[in-house]
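Below, chains carry the letters A, B, ... as their sequence lines are ordered, and counting in each starts from 1.
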Number of protein chains: 2
Amino acid sequence: MHNSVTTAKRTTALEQKCLERGVRMTHQRRIIISVLSEASDHPDAEMLFERAKIIDPTISIASIYRTMKVFEELGIVDRHDFGGSKGRYEEATDDHHDHLIDVKSGDVIEFQSDEIEALQRKIADELGYRLIDHRLELYAVPKTTEQPD
Amino acid sequence: MHNSVTTAKRTTALEQKCLERGVRMTHQRRIIISVLSEASDHPDAEMLFERAKIIDPTISIASIYRTMKVFEELGIVDRHDFGGSKGRYEEATDDHHDHLIDVKSGDVIEFQSDEIEALQRKIADELGYRLIDHRLELYAVPKTTEQPD
DNA sequence: TTAGTTGCAAACGATTTGCTACTAT
DNA sequence: ATAGTAGCAAATCGTTTGCAACTAA
């Protein structure tokens with residue numbers, strides 16, 4: 001009968017945003033939206049492709065790439081690269097955050113620091129610039145895992 | 001036996017570092033070192049290739065890529081991507097710095113902030129991690145150039 | 001109805017690599 | 001002498017695109 005209320009709501013919100021901008025809500029896009037909303041690990045295109053194929057094995061990798069591009073433009077997806085060669089995606093949220101990459105496990109942890117944001121604005125300002133965007137990634141190892149070299 | 005003293009010294013220092021690690025100092029590598037040491041604009045592989053060809057037109061792009069990889073491993077070159085699709089290189093310096101990218105002109109400005117460095121370490125620490133490395137890029141527009149949209 | 005979207009396969013741009021001929025040590 | 005390196009061209013990898021067949025609006 002009713003699925004998870006939150007999931008239903010969220011999906012509708014994204015579909016809404018697509019329709020508003022004249023972007024059609026296709027079968028494939030609905031699948032991709034559901035894959036994205038279930039992911040918390042910043043998947044790359046191939047991971048999205050694999051997960052989408054579970055739902056509909058006829059979907060193509062081209063649709064993943066095309067849809068990610070459309071969604072990026074709609075502002076409902078953010079793309080990162082985290083140093084690797086492939087792009088990685090996450091559903092955009094209203095709150096800005098940066099990433100800490102656990103270099104042992106590959107895990108990505110999101111964090112937020114108003115202090116850093118303010119400092120960045122201040123630095124740009126002092127250099128005579130107005131900050132438009134930024135990218136901050138911390139590469140780190142867990143303290144508990146730490147071993148003597 | 002002394003050319004420009006500073007250039008000679010620096011080149012020697014890099015050559016030294018290569019020899020120490022069993023990396024041969026070839027004609028092409030010497031050229032690439034000189035191109036690098038003259039660049040202050042974070043050139044990509046193709047730019048390095050063009051500049052190297054002025055000195056010796058027989059050099060190949062493969063040597064640029066191979067040498068950059070070797071130099072990266074030797075720690076005498078840093079590679080960035082600054083959001084574009086191609087890697088961009090700079091001679092490594094002892095002092096750490098981050099980059100502000102002027103999105104109007106494409107210029108890259110280097111800056112240094114102990115405050116930001118400290119804050120990053122603190123954030124990692126609070127998340128239970130020890131900071132290994134980081135990447136910070138500010139994308140900004142000049143205040144003076146600023147126009148009403 | 002028709003403009004937007006799909007899957008496919010070919011094209012792409014940046015980078016890497018196998019090979020055979022050199023060259024620094 | 002010989003291990004490392006060069007240039008060349010072909011290969012690879014992630015991503016994009018032209019096209020003809022569909023499909024949401």
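At a cut-off of 3.5 angstrom, the base of C/dG4 holds no donor-acceptor pair with the side chain of A/R29. At a cut-off of 3.5 angstrom, the base of C/dG18 holds at least one donor-acceptor pair with the side chain of B/R66.
Positionally, the nearest nucleotide of DNA chain C for B/K86 lies more toward the 5' end than for the other of B/T26 and B/K86. Both A/S63 and B/R24 lie close to DNA chain C; mapped to their nearest nucleotides by heavy-atom distance, the more 5′-ward contact belongs to A/S63.
Residue-level contact check: A/I61 touches neither bases nor backbone, having no heavy atom under 4.0 Å from any strand. A/I59 comes within contact range of the sugar-phosphate backbone alone, with a heavy-atom separation under 4.0 Å but no base atom that close.
The residue from B/R51, B/R79, B/K86 that alone fulfils the salt bridge (Lys or Arg N to Asp or Glu O under 4.0 Å) condition with B/D44 is B/K86.
What separates CD1 of A/I31 from P of C/dG7 is a distance of 9 Å, to the nearest Å. Note: CZ (B/R30) to C1' (C/dT25) measures 12 Å, nearest angstrom. Whole-Å rounding puts the B/E15 CD to C/dT25 C1' distance at 14 Å. The CG-P distance, from A/L48 to D/dT15, rounds to 11 Å in whole Å. Between A/R88 atom CZ and D/dG14 atom C1' there is a gap of 15 Å when expressed in whole angstrom units. Nucleotide C/dA3 holds its P atom 19 Å from the CG atom of A/L19, rounded to whole Å. One can place CD1 of A/I64 at 17 Å from C1' of D/dT17, the figure rounded to the nearest angstrom. Protein atom CE of A/M68 is 13 Å distant from nucleotide atom P of C/dT6, rounded to whole Å.
Aromatic ring pairs are classed by plane angle as parallel below 30°, tilted from 30° to 60° and perpendicular above 60°; the pair B/H80 and B/F82 is parallel.
For A/K53 and A/F49, the positive end sits near the middle of the six-membered ring, less than 6.0 Å away and at most 45° from its axis.
Put simply, A/R79 has a side-chain N or O that comes within less than 4.0 Å of OP1 or OP2 on D/dT15. Phosphate proximity of D/dT16 to A/K69: present, with a side-chain N or O under 4.0 Å from OP1 or OP2. Taking only side-chain nitrogens and oxygens, A/Y65 never comes nearer than 4.0 Å to OP1 or OP2 of D/dT16. The side chain of B/Q28 places no N or O atom within less than 4.0 Å of a non-bridging phosphate oxygen (OP1 or OP2) of C/dT23.
Remark: side-chain polar atoms of B/T67 are paired, donor with acceptor, to backbone N or O of B/S63 under 3.5 angstrom.
Within 6.0 Å of the CD atom in B/Q112, the count of heavy atoms belonging to other residues, nucleotides or ligands exceeds 12.
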